[in-house]
Amino acid sequence: MTYLTGKALKDAEQWMYAAAAEATKALCLRARCGTVIVEGGRVIGCGYNAPPLDNKKGRTCLLDYGDTDKPKYDRTCCMHAEWRAIIDALKTHSQNIVGSRLYFVRVDDKGAIKKSGKPYCTVCSRLALDTGISEFLLWHEDGIAAYPTDEYNTLSYHYHM
């Protein structure tokens with residue numbers, strides 16, 4: 001993982017704000033997340049978290065699942081912002097995403113970016129890794145960090161140990 005500086009940081013901030021704009025569209029009742037995938041200086045995929053097909057009637061975001069061995073990410077009704085951005089890039093825009101960067105943020109109710117914690121979603125890390133995304137970027141308290149996707153995947157698994 002590398003914290004960005006200089007022009008790379010300024011460019012990443014631009015993409016993080018684009019991801020935040022996506023997050024404001026989120027239909028999830030627990031978290032508002034957004035993602036943009038960038039290749040060659042342009043957005044090739046974007047997404048926000050929401051139930052499949054944006055069906056608000058299908059939301060189960062606030063259900064209490066009690067004690068279960070199911071991981072947190074598997075107890076939600078919503079498609080993750082990362083999944084939707086990857087699908088958008090591959091399906092809607094027919095883009096090859098190998099070598100691209102994935103920018104992910106959460107926003108509060110006013111649309112302000114919330115700083116990210118450590119990588120933890122193994123489903124998103126595996127999908128990003130398998131589709132060839134080169135880096136996964138998060139905005140931490142210390143700055144914007146670029147994780148090689150294989151490292152992000154490994155850290156996501158270690159988070160659960």
Side-chain angles (χ1 to χ4, degrees), residues 1-56 59 61 73 76-153 155-156 159:
M1 179 264 294
T2 303
Y3 281 103
L4 303 180
T5 60
K7 183 176 179 344
L9 175 60
K10 187 171 178 93
D11 290 346
E13 287 175 352
Q14 167 192 339
W15 302 122
M16 288 294 188
Y17 286 115
E22 281 299 309
T24 64
K25 301 174 190 176
L27 300 176
C28 182
L29 299 174
R30 289 193 307 170
R32 300 175 69 183
C33 304
T35 297
V36 295
I37 298 174
V38 176
E39 175 59 39
R42 66 184 180 93
V43 173
I44 62 168
C46 53
Y48 54 88
N49 58 331
L53 304 175
D54 286 348
N55 180 2
K56 292 181 184 179
R59 288 191 287 203
C61 309
Y73 58 77
T76 181
C77 61
C78 292
M79 296 282 294
H80 291 199
E82 300 94 325
W83 305 348
R84 285 181 159 216
I86 291 169
I87 290 167
D88 184 49
L90 293 174
K91 183 178 177 184
T92 308
H93 298 294
S94 300
Q95 294 293 318
N96 178 352
I97 64 176
V98 173
S100 62
R101 293 176 126 188
L102 185 150
Y103 296 80
F104 171 84
V105 297
R106 281 188 174 82
V107 298
D108 64 19
D109 291 337
K110 296 179 182 173
I113 293 175
K114 297 170 74 172
K115 299 303 192 265
S116 293
K118 295 178 181 179
Y120 71 88
C121 186
T122 58
V123 175
C124 291
S125 67
R126 289 191 313 259
L127 184 58
L129 186 62
D130 203 45
T131 57
I133 292 172
S134 67
E135 292 181 308
F136 210 114
L137 286 88
L138 301 176
W139 201 334
H140 298 298
E141 288 293 336
D142 295 337
I144 297 176
Y147 294 86
T149 305
D150 58 344
E151 177 184 358
Y152 189 96
N153 186 56
L155 291 170
S156 294
Y159 181 90

Where Ile113 and Ala20 come nearest, the two heavy atoms and their spacing: CG1-CB, 3.7 Å

Non-hydrogen atoms of Cys124 and Trp83 that approach each other most closely: SG-NE1, 3.4 Å

Please step through side chain to side chain contact (heavy atoms under 4.5 Å, CB included) for the pair Tyr103 and Val105, ending with a clear verdict. CA-CA 7 Å; Tyr103 296 80; Val105 297; over 6 Å; no

Under the salt bridge (charged side-chain N to carboxylate O under 4.0 Å, His left out) rule, what pairs show up with a residue in residues 17-27, not counting sequence neighbours? Glu22-Lys25

Using 0.5 Å steps for rounding, measure from the CD1 atom of Ile37 to the OG1 atom of Thr131. 7.0 Å

Taking all non-hydrogen atoms of both residues into account, name the closest pair between Ala23 and Gly34 and its distance. CB-N, 3.3 Å

Note: Arg32 and Asp108 closest approach over all heavy atoms is NH1-O, 3.5 Å

How many angstroms lie between OG in Ser125 and CD in Glu151, if you round to the nearest 0.5 Å? 12.0 Å

Once side chain to side chain contact (heavy atoms under 4.5 Å, CB included) is applied, do any residues pair with Leu129, and if so which ones, sequence neighbours excluded? Thr149, Asp150, Asn153

By side chain to side chain contact (heavy atoms under 4.5 Å, CB included) - contacts of Ala31 (at least two apart): Cys33, Asn49, Arg106

Tell me the side chain to side chain donor-acceptor pair (under 3.5 Å) pairs involving residues 4-15, sequence neighbours left out? Lys7-Asp11

Sequence neighbours excluded - ring pair (Phe, Tyr, Trp, His ring centres under 6.0 Å) pairs with any residue from residues 17-40: Tyr17-Trp139

Heavy-atom closest pair, residues Ile44 and Glu39: CD1-CB, 3.9 Å

Ile87 CD1 to Ile97 CD1 distance, which is reported to the nearest 0.5 Å: 10.5 Å

What one should report as the nearest heavy-atom pair of Ser100 and Ile133 is O-CG2, 3.5 Å

For the atom pair CG (Leu27) and CE (Met79), what is the distance rounded to the nearest 0.5 Å? 12.5 Å

Any pair with a residue in residues 77-101 that passes salt bridge (charged side-chain N to carboxylate O under 4.0 Å, His left out), sequence neighbours left out, goes on the list, sorted by first then second residue, please. Asp54-Arg84, Arg101-Glu135

Check step by step if side chain to side chain contact (heavy atoms under 4.5 Å, CB included) holds for His80 and Leu127. CA-CA 11 Å; His80 291 199; Leu127 184 58; over 6 Å; no

Atom pair CG/CZ of Leu102 and Phe136 - distance to nearest 0.5 Å: 4.5 Å

Can you list every pair that meets salt bridge (charged side-chain N to carboxylate O under 4.0 Å, His left out) and has a residue in residues 112-124, with sequence neighbours left out? none

Taking side chain to side chain contact (heavy atoms under 4.5 Å, CB included) as the definition, give me every residue that meets it alongside Ala145, ordered by chain and number, with sequence neighbours left out. Met1, Tyr3, His140, Tyr147

